[in-house]
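As structure tokens, the structure follows; a few thoughts come after it.
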Amino acid sequence: MARAKFQAPKGTHDVLPPTSARWERLLATYATVVERAGFGLLQSPMFEDLGVFQRETEGADAVRKEMYDFVDKGGQHVALRPEGTASVVRAFVQHNPLTPWKVWYATPAFRYERAQAGRYRQHHQVGLEVLGSADPDVDVEVISVGWELLQALGLQQVELLLNTMGTSADRLAYVEVLRAWLVERRDELAEDDRDKVDTHPMRVLDSKRRATQQVTAHAPAIADHLSPESEAHFARVQEGLTARGIPFTLAPRLVRGFDYYTHTTFELVPTLVDNAQATILGGGRYDGLVEELGGPPTPGIGFGSGIERLLIACDAEGVFPAPEARIDVFVIDVTGGAEARDLTAELRAAGIRCDRAFDQKGMRAQMKGADRSGAPFAVIVGDQELADGVATVRPLRHDFDGDQPSAQQTVPRADLVAHLRDALSKDATE
RNA sequence: GUGGUCGUAGCUCAGCUGGUCAGAGCGCCGCGUUGUGGUCGCGGAUGUCGGGGGGUUCGAAUCCCCUCGGUCACCCCA
């Protein structure tokens, strides 16, 4: 009877080396970008009380239908987080930090849905939030940092879509105008969109169906229903982006997934990725959310960005490749392994990244391992070197000169670390 | 949740309408070089033909159904 074989659950995936090195680098890049802008890391639990995410006013599918929720052994109803913002707001309300509170995070997010390219049941997001300031310049800063992340990754073919929802009062008023307008034209809409007129009129604007798009092309626009305050806020955001040299496209039909958004909303969309799940970074302002979670009236804004989708976009542009060599030196020991054991420890203590072969493989096999490791140098210790108190340092990266292998040197063991450091710095500058 | 499509060695895939169909390339391992990576040559291993269940048949990787998974679109979102 064959034993059952397990595999990663549907919609989840393992990231193995060397691909995982891209993840490490992406996270490091993100941390650099946000920390130089004054954001600090917020580590918060991956699950929360269900109510943190599932609020009465929230109609997003991610929260209504796709939550990974369960009752724990103590009877508490909890949920794996489907998005990053609500957790941050909960932490803000709980700890009442000084404002503006600028935090960033990197976290898995869970949604029970059918997987496809760029959409998973467990995906990973980096994001940030600023709580406690209504200044439109904060909107500009948040969008700028998102933009800088993409720049740092090397992404060029990206479009910034910008919209505003106005204040929540503007939004509510507009939604009713829109609903009334749509009700009169319900029969002209694509069949699948008709129910949304009642449940989620703004989503009708976002429909991908042609029949619906033809109708909504003339629908009332939020821009015509903004209060002077909202107009001024949005104008200042646009002015700031222009001053920063960040190109944007006004997208009056841009409808973000969560209902908590007010004022500025935005998405960054890669233009070269042709699947439907393309948005790599999205966010907006949410001036009522803190109150909904029991805090004082506090404005907030942030974005989330999907790591899997960022990498898909990088692949489409051929940028941000996986890093190459993971180690500097591969130690080869044909005297039985004790030399490799001690020498790797010595080199590592000196800050030199190194690895070795195990299982007492032959010289040839160890050299193949050295070659495969990507290390620029092999350090060879055999019986002769051991007797002489030396090691052979052999460059691996230079191409063969015809059939002649690259030149190697004999180095006294006492000088080995210094020699390798010197050789490595020369190798790095080539 | 709805619909389409696919699922053969670690990877990419071939296998025509059921009867040497269990294969190729790459990768991997060994040897040529008992102390030297690439290239080259020689040799080798690997799969219950994605897993399980059921059906048709003298006979199924090959046909049908269920199930699991990938993938694409919708829904929705990062």
Side-chain angles (χ1 to χ4, degrees), chain A residues 1-13 16 59-66 82-85 106-127 146 190-193 195-196 199-200 203 206-209 255-258 267-270 273-283 303-313 330 332-335 357 361-386 392 394-408:
Chain A
M1 188 66 185
R3 193 164 296 195
K5 281 183 181 164
F6 293 111
Q7 55 187 321
K10 184 179 189 130
T12 69
H13 51 96
L16 319 186
D61 280 2
V63 167
R64 276 184 19 248
K65 307 191 307 200
E66 298 169 357
E83 54 117 1
T85 301
T107 179
F110 304 87
R111 294 175 197 171
Y112 190 89
E113 53 189 348
R114 282 276 281 267
Q116 65 188 79
R119 193 181 73 178
Y120 311 96
R121 288 188 172 179
Q122 177 179 342
H123 74 280
H124 300 79
Q125 289 190 24
V126 294
E191 202 171 331
D192 291 340
D193 290 323
D195 288 345
K196 286 195 273 190
T199 59
H200 237 123
R203 276 233 219 292
D206 200 32
S207 172
K208 286 165 188 159
R209 294 183 174 77
V255 178
R256 299 279 311 143
F258 293 98
E267 286 187 0
L268 284 155
V269 183
V273 175
D274 58 3
N275 72 50
Q277 320 297 331
T279 299
I280 52 179
L281 187 152
F303 69 69
S305 181
I307 294 177
E308 288 86 351
R309 290 190 188 174
L310 284 171
L311 293 176
I312 289 170
F330 196 91
I332 289 170
D333 174 2
V334 284
T335 72
K361 292 185 190 301
M363 182 84 183
R364 181 189 174 98
Q366 292 194 54
M367 281 300 290
K368 288 183 82 157
D371 193 49
R372 214 164 11 215
S373 77
F377 295 97
V379 168
I380 301 168
V381 180
D383 292 325
Q384 194 59 52
E385 284 92 344
L386 186 57
T392 297
R394 179 183 182 78
L396 293 174
R397 241 189 230 157
H398 303 287
D399 288 330
F400 283 70
D401 180 15
D403 284 339
Q404 289 305 307
S406 51
Q408 56 191 37

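Model, not experiment: these values are computed from the prediction. Each chain gets a letter, A, B and so on, in the order the sequences are listed, and its residues count up from 1.
A distance of 5.0 Å separates CD1 in A:Ile332 from CD1 in A:Ile380, rounded to the nearest 0.5 Å. For the atom pair A:His13 NE2 and A:His124 NE2, the distance stands at 6.0 Å (nearest 0.5 Å).
Between A:Asp193 and A:Phe258, the residue anchored closer to the 5' end of RNA chain B is A:Asp193, taking for each the nucleotide with the nearest heavy atom. When each of A:Ala370 and A:Thr279 is assigned the nucleotide of RNA chain B bearing its nearest heavy atom, the one mapping closer to the 5' terminus is A:Ala370.
The backbone N or O of A:Thr85 lies less than 3.5 Å from a partner atom in the side chain of A:Glu83, making a donor-acceptor pair. At distances below 3.5 Å, at least one donor-acceptor pair connects side-chain atoms of A:Arg111 with backbone N or O atoms of A:Pro82. At distances below 3.5 Å, not a single donor-acceptor pair connects side-chain atoms of A:Arg203 with backbone N or O atoms of A:Val255.
Stretches of at least 3 consecutive Watson-Crick or G-U wobble pairs, with each checked distance under 3.5 Å, appear in RNA chain B as B:1-7 with B:68-74, B:10-13 with B:23-26, B:28-32 with B:40-44, B:51-55 with B:63-67.
Of the candidates B:rC29, B:rG70, B:rA78, B:rG70 carries the atom nearest the A:Lys10 side chain, counting heavy atoms from C-beta on. Among B:rG30, B:rC76, B:rU36, the nucleotide with an atom closest to any side-chain atom of A:Ala365 is B:rG30. For A:Met367, the listed nucleotide lying nearest its side chain is B:rU36; candidates were B:rA78, B:rC29, B:rU36.
Residue A:Arg364 places a side-chain atom within donor-acceptor reach of the base of B:rG32, judged by atom type and a 3.5 Å distance cut-off alone. A donor and an acceptor atom never sit less than 3.5 Å apart when one is taken from the side chain of A:Gln116 and the other from the base of B:rA78. A donor-acceptor contact under 3.5 Å is not formed by the side chain of A:Arg209 with the base of B:rC75. For A:Gln408 and B:rU36, a side-chain-to-base donor-acceptor distance below 3.5 Å is present, hydrogens and geometry of angles not being considered.
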Review point. What do the steps show when you test A:Arg119 against A:Arg114 for side-chain contact (heavy atoms from CB on, under 4.5 Å), and what is the final call?
Key: CA-CA 8 Å; A:Arg119 193 181 73 178; A:Arg114 282 276 281 267; 3.5 Å; yes

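Under 3.5 Å, the side chains of A:Gln122 and A:Thr12 contain no donor-acceptor pair of N or O atoms.
Nucleic acid contact for A:Gly369: none, since no nucleic acid atom lies under 4.0 Å from a heavy atom of the residue. Base contact: A:Tyr120 has a heavy atom under 4.0 Å from a base atom. Within 4.0 Å (heavy atoms only), A:Gln122 reaches no atom of the nucleic acid at all. Contacts of A:Ile280 with the nucleic acid, taken as non-hydrogen atoms under 4.0 Å apart, involve only primed sugar atoms and P, OP1 or OP2. The residue A:Gly11 sits close only to the backbone: its heavy atoms come under 4.0 Å of sugar-phosphate atoms, none of a base. The residue A:Gln384 sits close to a base: some heavy atom pair falls under 4.0 Å.
Proximity of A:Arg203 to the phosphate of B:rC77: a side-chain N or O atom is located under 4.0 Å from OP1 or OP2. Side-chain N/O atoms of A:Lys196 include one lying less than 4.0 angstrom from OP1 or OP2 on B:rC76. Contact check, A:Arg256 against B:rC76: no side-chain N or O comes under 4.0 Å of OP1 or OP2.
By the stacking rule of 5.5 Å between ring centres and under 30° between planes, A:His123 stacks on the base of B:rA78.
The CG-C1' distance, from A:Leu268 to B:rA78, rounds to 12 Å in whole Å.
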Kindly give the atom pairs (protein nitrogen or oxygen, nucleotide nitrogen or oxygen) under 3.5 Å for nucleotides 2-4 of chain B.
from	atom 1	to	atom 2	distance (Å)
B:rU2	O4	A:Arg114	NH1	3.4
B:rU2	O4	A:Arg114	NH2	3.3
B:rG3	O6	A:Arg114	NH2	2.7

